[in-house]
Amino acid sequence: MAYTLVTGEDFGTLALKSLREAFEQARKFPLVVLPTGNTPKELYLRIRQQGLGGEEFQYLNLDQYHGIKFSDPRSYPLEIKKEVLDPLGIGLRPDFIFDAEAPPDQECCKIETAIEKDGGIDICVLGIGENGHIGFNEPYSDFKDRSRLVRLAASTRKANAKFCDPHGGVPQNALTLGLRTIFEARKIILLTNKPDITAKALHGRVWSNIPASILQRHPDVTVVATPRVAAALRLAA
Ligand code: PGA
């Protein structure tokens, strides 16, 4: 597969460089997906320290727990607002955020329509779960899936318990951009510190048991990997 591998000790700086390069190649005011979780934290720190080179963009929500308020401490778009958008002075538009209290079908339709009207996703930054999920597309998601309500895998709920437990626990369900929606992004940047699953996803069988394996079919993927992940990828190649 033809992805570009970026690796080195300073993960945040490398990720920021990759994101800046993606901005240079994208149209003006691009539509950009940003993930939450531990992996992107070093990138967001570098963005706060160094900015993004004055770039304006439209933020698109990747996923959100179902049934919670935007202001809930577990809320993913709230986390991105605090960590990235507010420091850069970039606003949120409700059309591009899952309202997790509204009827799920309505919200998914709203998001898909907003993406289409805006001309499609320019840059989709992703993390990867230990089970191979991207967004909240858990194993056995269909490659043709669009945004929808999903039931979270037990392993995902366990992985996210540490943060969610003090705030009412990990919800059972979530809203997520679908694999097809993600796949249609012009540029994908995968941030990863997980050697085994990343090697499996990028060099193993392409199938829905490992949702991230869909990335093997995408024409423009940059993988920002820790040195351990890069070693595993080179071994698997
Ligand atoms: P993490 O999560 O960055 O917290 O490891 C990634 C994911 O589950 O998508």
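The residues of the chain are indexed from 1 along the displayed sequence. Reckoned from all heavy atoms, side chains included, excluding hydrogens, waters and symmetry mates.
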### Query
Do other residues, nucleotides or ligands put more than 12 heavy atoms under 6.0 Å from the NZ atom of K110?
yes
### Task
Compare every heavy atom of H218 with every heavy atom of A185, then report the nearest pair and how far apart it is.
O-NE2, 2.6 Å
### Query
Below 4.5 Å, heavy atoms only, C-beta onward: do L175 and C108 meet side chain to side chain?
yes
### Query
Does one side chain, of S75 or Q64, offer a donor that lies under 3.5 Å from an acceptor on the other?
yes
### Query
Do any N or O atoms from the side chain of T7 and from the backbone of A225 form a donor-acceptor pair under 3.5 angstrom?
yes
### Task
Output the distance between atom CG (N131) and atom NZ (K158), rounded to the nearest 0.5 Å.
12.5 Å
### Query
Is any side-chain heavy atom of R234 closer than 4.5 Å to a side-chain heavy atom of L5?
yes
### Task
Of all the heavy-atom pairs spanning A15 and L43, show the shortest one and how long it is.
C-CD1, 3.7 Å
### Query
Can you tell me if CD on Q50 sees more than 12 non-hydrogen neighbours from other groups inside 6.0 Å?
yes
### Message
Quick one: does any side-chain atom of K194 pair with a main-chain N or O of I128 as donor and acceptor, under 3.5 Å?
### Response
yes
### Task
Rounded to the nearest 0.5 Å, what's the gap from CD1 on I182 to CD1 on I214? Could you check?
8.0 Å
## Note on the structure
Heavy-atom closest pair (V229 atom, T192 atom, distance to 0.1 Å) is CG2-O, 3.7 Å
### Message
With side chain to side chain contact (heavy atoms under 4.5 Å, CB included) as the criterion, how do L52 and L16 come out once you've worked through the C-alpha distance, each side chain's angles and the decisive distance to 0.1 Å?
### Response
CA-CA 8 Å; L52 254 176; L16 178 58; 4.0 Å; yes
### N/O donor-acceptor pair under 3.5 Å between D165 side chain and K162 backbone
no
### Donor-acceptor pair, side chain of R74 and main chain of G169, under 3.5 angstrom
yes
### Task
Can you measure from OG1 (T198) to CG (L190) and round to the nearest 0.5 angstrom?
6.0 Å
#### Entry: Contact check, side chains of D95 and T113, non-hydrogen atoms, under 4.5 Å
no
### Message
Are L177 and F70 linked, directly or through intermediate hydrophobic residues, by side-chain heavy-atom contacts shorter than 4.5 Å (ILVMFWY only)?
### Response
no
### Message
Could you check whether T222 and S18, counting side-chain N and O atoms only, form a donor-acceptor pair closer than 3.5 Å?
### Response
no
### Task
Identify whether L88 and F96 are in the same connected component of the hydrophobic contact network (ILVMFWY, side-chain heavy atoms under 4.5 Å).
no
### Query
Are I97 and L126 co-members of a hydrophobic cluster defined by side-chain heavy atoms under 4.5 Å apart?
no
### Query
Between E112 (side chain) and R146 (backbone), is there a donor-acceptor pair under 3.5 Å?
no
Expected list for residues 31-41: side-chain donor-acceptor pairs under 3.5 angstrom, two or more places apart:
residue : atom : partner : partner atom : Å
K41     : NZ   : E79     : OE2          : 3.4
K41     : NZ   : E83     : OE2          : 3.0

### Task
With rounding to the nearest 0.5 Å, note down the distance linking CG in D220 to SG in C124.
12.0 Å
### Task
Just do the side chain to side chain contact (heavy atoms under 4.5 Å, CB included) check on L19 and I123 with the steps written out, would you?
CA-CA 8 Å; L19 187 55; I123 304 169; 4.0 Å; yes
### Query
Between S213 (side chain) and W207 (backbone), is there a donor-acceptor pair under 3.5 Å?
yes
### Query
To which residues is L152 joined in a hydrophobic cluster, defined by side-chain heavy-atom contacts under 4.5 Å among Ile, Leu, Val, Met, Phe, Trp and Tyr, whether direct or through other members?
Y65, I68, Y76, F136, V150, V170
### Message
Go through it in stages, so that I can follow the logic: the residues are L191 and F11, the test is side chain to side chain contact (heavy atoms under 4.5 Å, CB included), and I'd like the CA-CA distance, side-chain angles, deciding distance and then a yes or no.
### Response
CA-CA 9 Å; L191 308 177; F11 189 84; 3.9 Å; yes
### Query
Should the pair R180-D145 be classified as a salt bridge under the 4.0 Å nitrogen-to-oxygen rule?
no
## Note on the structure
Minimal heavy-atom distance between L179 and D142, with the atoms involved, is CD1-O, 3.6 Å
### Query
So how far is it from Q49 CD to I47 CD1, rounded to the nearest 0.5 Å?
11.0 Å
### Message
Once rounded to the nearest 0.5 Å, what's the spacing between atom NZ of K28 and atom CD of E56?
### Response
9.0 Å
### Message
Which heavy atom of L14 sits nearest to which heavy atom of G8, and what is that distance?
### Response
CD1-N, 3.3 Å
### Carboxylate-amine/guanidinium contact D122 R27, below 4.0 Å
yes
### Message
Using the rule given for side chain to side chain contact (heavy atoms under 4.5 Å, CB included), can you reason through L62 versus V125, listing the C-alpha separation, both sets of side-chain angles and the distance that settles it, and then say yes or no?
### Response
CA-CA 9 Å; L62 174 61; V125 186; over 6 Å; no
### Query
Distance only, no hydrogens: is a donor on one side chain within 3.5 Å (strictly under) of an acceptor on the other, for Q58 and D118?
no
### Query
Under 4.5 Å between any side-chain heavy atoms of P171 and H66, yes or no?
no
### Message
Contact between D196 and K200 at the side-chain level, heavy atoms closer than 4.5 Å - yes or no?
### Response
no
### Query
Are any non-hydrogen side-chain atoms of F57 and I90 less than 4.5 angstrom apart?
yes
### Candidate pair K69 and E101, rule salt bridge (charged side-chain N to carboxylate O under 4.0 Å, His left out), full reasoning
CA-CA 6 Å; K69 288 190 189 312; E101 293 184 297; 3.2 Å; yes
### Query
Given Y140 and H133, is the ring-ring contact (aromatic ring centres under 6.0 Å, His included) satisfied, shown in steps?
CA-CA 10 Å; Y140 300 110; H133 73 199; over 10 Å; no
### Message
Tell me the closest heavy-atom pair linking I121 and T181, and the distance in Å.
### Response
CD1-O, 3.8 Å
### Query
Do R20 and E24 pass the salt bridge (charged side-chain N to carboxylate O under 4.0 Å, His left out) test, and can you show the C-alpha distance, the side-chain angles, and the key distance before you say yes or no?
CA-CA 6 Å; R20 281 186 169 162; E24 277 164 26; over 6 Å; no
### Task
Assess the side chains of S141 and R148: does a donor N or O sit below 3.5 Å from an acceptor N or O?
yes
### Query
Taking side chain as C-beta onward, heavy atoms only, is L233 less than 4.5 Å from V223?
yes
#### Entry: Sidechain N-carboxylate O distance under 4.0 Å for R46, E42
no
### Task
Check the hydrophobic clustering (I, L, V, M, F, W, Y; side-chain heavy atoms under 4.5 Å; chains of links allowed) and say if F98 and V84 are grouped together.
no
### Message
Surrounding CG of N173 (heavy atoms of other residues, nucleotides or ligands, distance under 6.0 Å), is the total greater than 12?
### Response
yes
### Task
Answer yes if I189 and V6 sit in the same cluster of Ile, Leu, Val, Met, Phe, Trp and Tyr residues linked by side chain heavy atoms under 4.5 Å apart, and no otherwise.
yes
### salt bridge (charged side-chain N to carboxylate O under 4.0 Å, His left out) between E138 and R157, intermediate numbers included
CA-CA 11 Å; E138 302 287 25; R157 296 189 67 234; over 6 Å; no
### Message
Do V206 and F143 have side chains that approach each other closer than 4.5 Å (heavy atoms only, starting at C-beta)?
### Response
yes
